[in-house]
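Keep in mind that this is a model prediction, so the values were computed, not measured. Atoms considered below: every heavy atom in the structure, side chains included; atoms not considered: hydrogens, waters and symmetry mates.
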Amino acid sequence: MSVLNIKLNSCLLFVRRTDDHVTQPNDILALKTPLCSSLGNVVYIKTHKTSSTTVQSIFHRYGLKRNLSFVFRRANKRNGHIRYIKITKASPKTMFLPVLGTGNCSYKGYNISAVHVVHNRPVMDSYMNPGTKYVTILRNPASQLISAFLFFHLDKNVFGTSVEEKLIRYMKGRKWMKSSYGRNSQSYDLGLSRSKFKNKTEINLLIERLSKELDLVMIAEYFEESLVLLKRELCWYFEDIVYTVKNNRSRSKPPLSRNLLKEIKTFNKADFMLYEHFNETFWNKIAQVGPVFWKELAEFKRLQHETMFRCVNVATSSTGSVHGNHSDDLCKHLKEHTFTALFHRQTRNC
């Protein structure tokens with residue numbers, strides 16, 4: 001395997017070239033059978049406009065099937081998010097739904113947290129199960145900002161005849177201060193306060209801390225590669241990580257011009273530093289796995305392709321599968337919205 005690093009418009013991109021692998025039946029069986037015990041205790045820090053809802057749906061499906069307890073904000077029946085409400089060690093009892101399967105209502109020992117909440121490892125450790133894994137996902141800060149700008153209607157009341165013109169005016173003004181989604185939102189979600197957005201030392205301290213606290217940082221631009229790393233980190237099966245795309249409703253996005261990229265790199269300095277660091281560690285993880293990673297990726301892509309064809313009729317297949325009308329558990333859970341079922345199951349009067 002060789003790696004070609006390319007810098008385009010000052011954005012660090014990675015192009016990977018791999019040797020062809022011929023996977024034999026025995027190899028496939030080995031790939032499908034983890035040699036470790038599956039882990040169901042995970043904190044997934046859900047960042048904004050990073051394909052994070054698609055990943056969240058994977059955790060929802062996994063936890064619903066295994067009757068696991070989720071961190072949900074009791075007052076938020078729509079999606080359970082906590083967003084930018086500060087959490088403390090007292091928050092579970094005052095804010096969360098109780099843990100499943102206890103005679104008396106308990107607020108300690110949650111299995112999965114997959115909501116929007118600002119990362120705070122010491123507080124989260126106080127109410128999650130021991131040995132919990134911590135993961136998140138990042139996206140190129142330029143495309144992420146454009147997506148958030150349109151999705152959250154941050155262009156409202158910003159003068160301009162094009163999205164690019166409006167976004168540049170937005171970044172040069174102060175309207176971004178009225179929204180948590182408008183500047184360095186990925187760093188903000190991961191614990192960087194606004195007062196430190198321009199402080200390179202504080203940004204590096206955040207990166208250093210997150211490098212110790214997070215077990216895996218996925219990269220949205222390499223989504224399926226990220227899911228294979230997630231499968232390996234949690235010792236899951238391929239069937240656990242198949243997905244359908246969720247919450248992709250942004251309006252048409254403008255092309256990323258050189259001028260716009262330059263402005264965003266200045267505006268979102270913290271997010272770029274964060275992304276470039278964890279993009280590098282992401283590929284280092286893959287390199288450490290070695291050639292078997294690419295075999296697993298090929299097997300996962302095959303399963304994902306065939307599952308989409310079989311369940312939701314969005315792909316083609318040469319295996320003769322009947323498309324779109326299967327009702328097995330995997331297809332059922334891929335099609336349905338599992339949050340409501342999870343929330344109702346965990347709701348109790350305490």
| Given the rule that I, L, V, M, F, W and Y join up when any side-chain heavy atoms are under 4.5 Å apart, are Y110 and L100 in one cluster? | no
| said: I'd like to know if the side chain of S226 and the backbone of I219 have a donor-acceptor N/O pair within less than 3.5 Å. | reply: yes
| query | Any side-chain donor-acceptor pair under 3.5 Å between Q144 and T47? | reply | no
| query | Got a salt bridge between D155 and R169, using NZ or NE/NH1/NH2 to carboxylate O under 4.0 Å? | reply | no
| said: Rounded at 0.5 Å granularity, tell me how far NZ in K108 sits from OG in S69. | reply: 15.0 Å
| message | Looking at every non-hydrogen atom in both residues, tell me the closest pair between R345 and G63 and how far apart they are. | response | NH2-O, 3.6 Å
| Would you call the rings of F70 and F72 parallel, tilted or perpendicular if under 30° counts as parallel and over 60° as perpendicular? | parallel
| query | Taking atom CG of L234 and atom CG of N41, what is their separation to the nearest 0.5 Å? | reply | 10.0 Å
| task | Using a strict 4.0 Å threshold on nitrogen-to-oxygen distance, state whether E276 and K265 make a salt bridge. | result | yes
| message | Keeping D215 on the side-chain end and K133 on the backbone end, is there a donor-acceptor pair under 3.5 Å? | response | no
| query | Side-chain donor-acceptor pair under 3.5 Å between W236 and Y62, yes or no? | reply | yes
| task | Flag this pair as yes if the NZ/CZ of K231 is under 6.0 angstrom from the six-membered ring centre of Y237 and inside a 45 degree cone about the axis; otherwise no. | result | no
| query | Are K77 and F339 side-chain neighbours, meaning at least one heavy-atom pair lies under 4.5 Å? | reply | no
| said: I'd like to know if the side chain of T50 pairs up with that of Q186 as donor and acceptor (distance under 3.5 Å, no hydrogens or angles considered). | reply: no
| remark: Which of K65, R66, R61 passes salt bridge (charged side-chain N to carboxylate O under 4.0 Å, His left out) with D240? Answer is R66
| task | Mind running side-chain contact (heavy atoms from CB on, under 4.5 Å) on L167 and I146 for me, showing each step along the way? | result | CA-CA 8 Å; L167 181 52; I146 294 171; 3.8 Å; yes
| field | Counterpart residues, side-chain hydrogen bond (donor to acceptor under 3.5 Å, both in side chains), relative to T347 (two or more places apart) | value | none
| Test item: side-chain donor near acceptor, H48 and R83, under 3.5 Å | yes
| field | Y44 to V55 - nearest heavy-atom pair and separation | value | OH-CB, 3.3 Å
| query | Do I203 and L274 have side chains that get closer than 4.5 Å, going by heavy atoms? | reply | no
| request: Kindly say whether F96 contributes a backbone atom to a donor-acceptor pair with the side chain of R74 at under 3.5 angstrom? | output: yes
| message | Using every non-hydrogen atom in the two residues, find where K46 and H116 come nearest and quote the distance to one decimal. | response | O-ND1, 2.6 Å
| task | Look up atom CD in E296 and atom CZ in F300, then write down how far apart they are to the nearest 0.5 Å. | result | 11.5 Å
| message | Check this for me: does any side-chain nitrogen of one of R302 and E306 sit under 4.0 Å from a carboxylate oxygen of the other? | response | yes
| Of the options R209, K196, K269, R194, which is the one that meets E202 in a salt bridge (charged side-chain N to carboxylate O under 4.0 Å, His left out)? | K196
| request: Applying ring pair (Phe, Tyr, Trp, His ring centres under 6.0 Å) between Y181 and each of W176, F152, Y170, report the one that passes. | output: F152
| message | Within the structure provided, determine whether R348 and L97 are in side-chain contact (heavy-atom separation under 4.5 Å). | response | no
| remark: Here the gap from L297 atom CG to Q304 atom CD, rounded to the nearest 0.5 Å, amounts to 11.5 Å
| query | Do the side chains of I87 and V118 get nearer than 4.5 Å, heavy atoms only? | reply | no
| So, the side chain of N184 versus the backbone of A270: is there a donor-acceptor pair under 3.5 Å, distance only? | yes
| request: Please answer whether the main-chain N or O of T54 pairs with a side-chain N or O of S51 as donor and acceptor at a distance below 3.5 Å. | output: no
| query | Within a strict 4.5 Å, meaning less than it, do heavy atoms of the R183 and N268 side chains meet? | reply | yes
| Under the criterion side chain to side chain contact (heavy atoms under 4.5 Å, CB included), which of L68, L230, T338 is the partner of F59? | L230
| task | Check whether any side-chain heavy atom of L216 sits under 4.5 Å from a side-chain heavy atom of R232, and report yes or no. | result | no
| Does R139 reach the main-chain N or O of S52 with its side chain, forming a donor-acceptor pair under 3.5 Å? | no
| Candidate pair F272 and I264, rule side-chain contact (heavy atoms from CB on, under 4.5 Å), full reasoning | CA-CA 9 Å; F272 269 98; I264 295 176; 3.9 Å; yes
| request: Could you walk me through whether V242 and L303 pass side-chain contact (heavy atoms from CB on, under 4.5 Å), step by step? | output: CA-CA 8 Å; V242 293; L303 176 63; 3.9 Å; yes
| Counting N and O atoms only, with roles assigned by atom type, does the side chain of S91 sit under 3.5 Å from a partner on the main chain of T88, one being a donor and the other an acceptor? | yes
| Do T161 and K166 have a side chain donor and acceptor closer than 3.5 Å? | no
| message | To the closest 0.5 Å, what do you measure between OG (S113) and CE (M124)? | response | 5.5 Å
| field | Test item: N76 side-chain N/O and N79 main-chain N/O as donor-acceptor pair under 3.5 Å | value | yes
| said: Please tell me whether L205 and V217 are part of a single hydrophobic cluster in this structure, the criterion being side-chain heavy atoms less than 4.5 Å apart. | reply: no
| task | Measure from NZ or CZ of R121 to the centre of the six-membered ring of Y134 and say whether it is under 6.0 Å with the direction within 45° of the ring axis. | result | yes
| query | Measuring from Y107:OH to M95:CE, what's the distance to the nearest 0.5 Å? | reply | 12.5 Å
| note | Taking every heavy atom of T136 against every heavy atom of L214, the minimum-distance pair comes out as CG2-CD1, 3.9 Å
| said: Can you confirm whether I286 sits close enough to V289 that some side-chain heavy atom of one is under 4.5 Å from a side-chain heavy atom of the other? | reply: no
| query | Would you call L190 and I45 a side-chain contact if the rule is heavy atoms closer than 4.5 Å? | reply | yes
| At their closest point, which heavy atom of A148 faces which heavy atom of K49, and how far apart are they? | CA-CG, 3.9 Å
| request: Using modelled atom types only, decide if a donor and an acceptor are shared between the side chain of D271 and the backbone of P141 within a distance under 3.5 Å. | output: no
| request: Evaluate the criterion side-chain contact (heavy atoms from CB on, under 4.5 Å) for residue pair W283 and E280; output intermediate values, then yes/no. | output: CA-CA 5 Å; W283 291 109; E280 182 177 355; over 6 Å; no
| task | Give the minimum heavy-atom separation between T281 and F278, together with the two atoms involved. | result | OG1-O, 3.0 Å
| query | Taking only residues at least two apart or on different chains, which pairs with a member in residues 183-205 satisfy ring-ring contact (aromatic ring centres under 6.0 Å, His included)? | reply | Y84-Y188
| Joint hydrophobic cluster, L210 plus M273, side-chain heavy atoms closer than 4.5 Å | yes
| message | I'd like to know if the side chain of Q346 and the backbone of V99 have a donor-acceptor N/O pair within less than 3.5 Å. | response | no
| Can you hop from F149 to F159 via hydrophobic side chains spaced under 4.5 Å? | no
